[in-house]
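Lettering follows sequence order; numbering is per chain, from 1.
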Protein chains: 2
Amino acid sequence: MKIGELARLAGSNVETIRYYERKGLLPIPARSEGNYRIYGPMHQERLTFIRHCRGLDMTLDEIRTLLHFKESPEENCGEVNRLLDDHIGHVVHRIGELQALEKQLQELRGRCPDERRASTCGILEGLSQSGINEKPMENHIPGVHGTALKSPKEPE
Amino acid sequence: MKIGELARLAGSNVETIRYYERKGLLPIPARSEGNYRIYGPMHQERLTFIRHCRGLDMTLDEIRTLLHFKESPEENCGEVNRLLDDHIGHVVHRIGELQALEKQLQELRGRCPDERRASTCGILEGLSQSGINEKPMENHIPGVHGTALKSPKEPE
DNA sequence: TAAAAACCCTTGAGTCGCTACAAGGTCAAG
DNA sequence: CTTGACCTTGTAGCGACTCAAGGGTTTTTA
Ligand SMILES: [Zn+2]
Ligand SMILES: [Zn+2]
Ligand SMILES: [Zn+2]
Ligand SMILES: [Zn+2]
């Protein structure tokens with residue numbers, strides 16, 4: 001099967017498949033005479049696995065680890081289980097952050113119940129004040145991973 | 001004041017300040033004889049405002065809008081209030097997504113209560129099956145904004 | 001006073017997980 | 001033989017930064 005069909009079958013997209021190949025998540029496929037990538041059922045299974053994982057918001061690194069265990073069936077799966085626990089931790093952590101965020105935002109919203117001149121808007125005022133969200137949340141993470149709003153790292 | 005001091009005062013970081021300047025969020029400062037950026041209290045206030053907003057996970061675009069209203073005190077602040085409502089919506093939406101995600105992950109985790117051979121790991125098995133998270137969540141968003149896991153867009 | 005340290009400058013590239021071209025090659029049907 | 005769907009490589013872009021190279025300037029210290 002060629003790349004377009006694989007994409008359709010896995011509900012994915014051609015460029016994404018080539019991207020996964022570059023990133024080492026999908027094994028390099030055979031090529032046809034005309035230099036087309038040729039895939040078999042194992043590629044399809046693997047791609048589907050990857051997409052399931054991405055649907056659960058895992059990073060490509062996390063997925064790489066899981067794929068390793070898929071390929072070595074006699075290894076102990078403890079690390080898989082731990083990886084999932086950690087990942088659940090990522091999600092739970094992020095939920096907590098966002099709930100705190102919502103509270104702050106609601107509080108801020110409450111400061112301007114009506115429409116006024118911008119100079120007296122309680123929201124703009126609140127955002128200018130120190131005291132509201134003085135320091136960025138520690139470990140403030142977009143999605144469930146990655147890094148955003150790091151505080152400037154202190155010299156060692 | 002020079003850029004380093006401003007960074008310290010605002011709990012920010014020098015590169016970020018220059019980045020905001022490039023992006024038009026901070027007004028272009030005067031320069032010293034030695035070509036150093038020279039800032040005053042208004043720059044500090046503005047940067048602090050921006051950092052507060054980022055601490056609340058707003059995009060730079062959202063912040064740009066707020067800054068506009070800060071600068072035009074006699075405009076009506078209705079749009080500010082709406083922007084905040086929308087942004088609260090972004091956060092609430094994302095919380096809902098992450099809670100659904102956590103449920104799925106917990107369910108998956110339950111499939112492998114002990115450590116076994118990888119070939120019989122309930123988690124790896126679950127991720128391979130169709131049926132679990134068949135299609136990516138609609139509108140699955142990293143952070144509170146942006147777009148990830150778009151399904152391939154259909155031709156118009 | 002001169003060297004060393006600390007600060008600042010610009011430019012350009014890297015991060016993540018894709019998406020979207022552009023310019024061309026290949027293949028089946030009509 | 002031509003059309004058009006499909007494929008190829010390569011490059012650039014998103015957001016919000018972060019970091020490194022290779023300089024110039026200012027401040028501190030010996
Ligand atoms: Zn994770
Ligand atoms: Zn208002
Ligand atoms: Zn928002
Ligand atoms: Zn297991």
Between CZ of B/Arg22 and C1' of C/dT10 the distance, given in whole Å, is 10 Å

Is the CD atom of A/Glu102 crowded by more than 12 outside heavy atoms at less than 6.0 Å?
yes

### Task
Could you tell me whether a side-chain N or O of A/Gln129 sits under 3.5 Å from a main-chain N or O of A/Gly126, the two making a donor and an acceptor?
no

Practice prompt. Check whether any side-chain N or O of A/Arg37 sits under 4.0 Å from OP1 or OP2 of C/dT26, and answer yes or no.
Written response: no

In whole angstroms, the gap separating P of D/dG15 from CD1 of B/Ile63 amounts to 13 Å

Just checking A/Arg18: base, sugar-phosphate only, or nothing, at a heavy-atom cut-off of under 4.0 Å?
base

Taken to the nearest whole Å, OH/A/Tyr39 to P/D/dC6 is 16 Å

Quick one: does B/Asn81's side chain have a donor or acceptor within less than 3.5 Å of a partner on A/Pro113's backbone?
no

Is the shortest side-chain N/O distance from A/Arg31 to OP1 or OP2 of C/dG25 below 4.0 Å?
-> no

Can you tell me whether the side chain of A/Tyr36 and the base of C/dG25 have a donor-acceptor pair closer than 3.5 Å?
yes

*Taking OP1 and OP2 of C/dC18, is either one under 4.0 Å from a side-chain nitrogen or oxygen of A/Tyr20?*
yes

Donor-acceptor pair, side chain of B/His43 and main chain of B/Gly40, under 3.5 angstrom = yes

Taken to the nearest whole Å, CG/A/Leu26 to C1'/C/dC18 is 14 Å

Of B/Lys2 and B/Lys23, the one whose nearest nucleotide on DNA chain D sits closer to the 5' end is B/Lys23

B/Ile3 atom CD1 is separated from D/dT25 atom P, nearest whole Å, by 17 Å

Worksheet item: Does B/Asn13 put a side-chain nitrogen or oxygen below 4.0 Å from OP1 or OP2 of D/dT18?
Response: yes

Check your understanding: Are any of B/Thr16's side-chain N or O atoms less than 4.0 Å away from OP1 or OP2 of D/dA16?
Key -> no

Quick note, B/Glu15 side chain, CB onward, closest among D/dC19, C/dA20, C/dG17 is D/dC19

Checklist entry - With a 4.5 Å heavy-atom cut-off, do A/Ile63 and A/Leu67 have their side chains touching? => result yes

**OP:** Return no unless some side-chain N or O of B/Arg64 is found under 4.0 Å from OP1 or OP2 of D/dA16.
**Re:** no

From CD1 of B/Ile28 across to P of C/dC9 the rounded distance in Å is 13 Å

Between CD of B/Glu5 and P of C/dA6 the distance, given in whole Å, is 18 Å

Taken to the nearest whole Å, CG/B/Asp57 to C1'/D/dC17 is 14 Å

Examine D/dC17: is either OP1 or OP2 under 4.0 Å from a nitrogen or oxygen in the side chain of B/Arg54? Give yes or no. yes

Assert: residue with more 5' nearest nucleotide on DNA chain C, out of A/Tyr19 and A/Ser32, is A/Tyr19

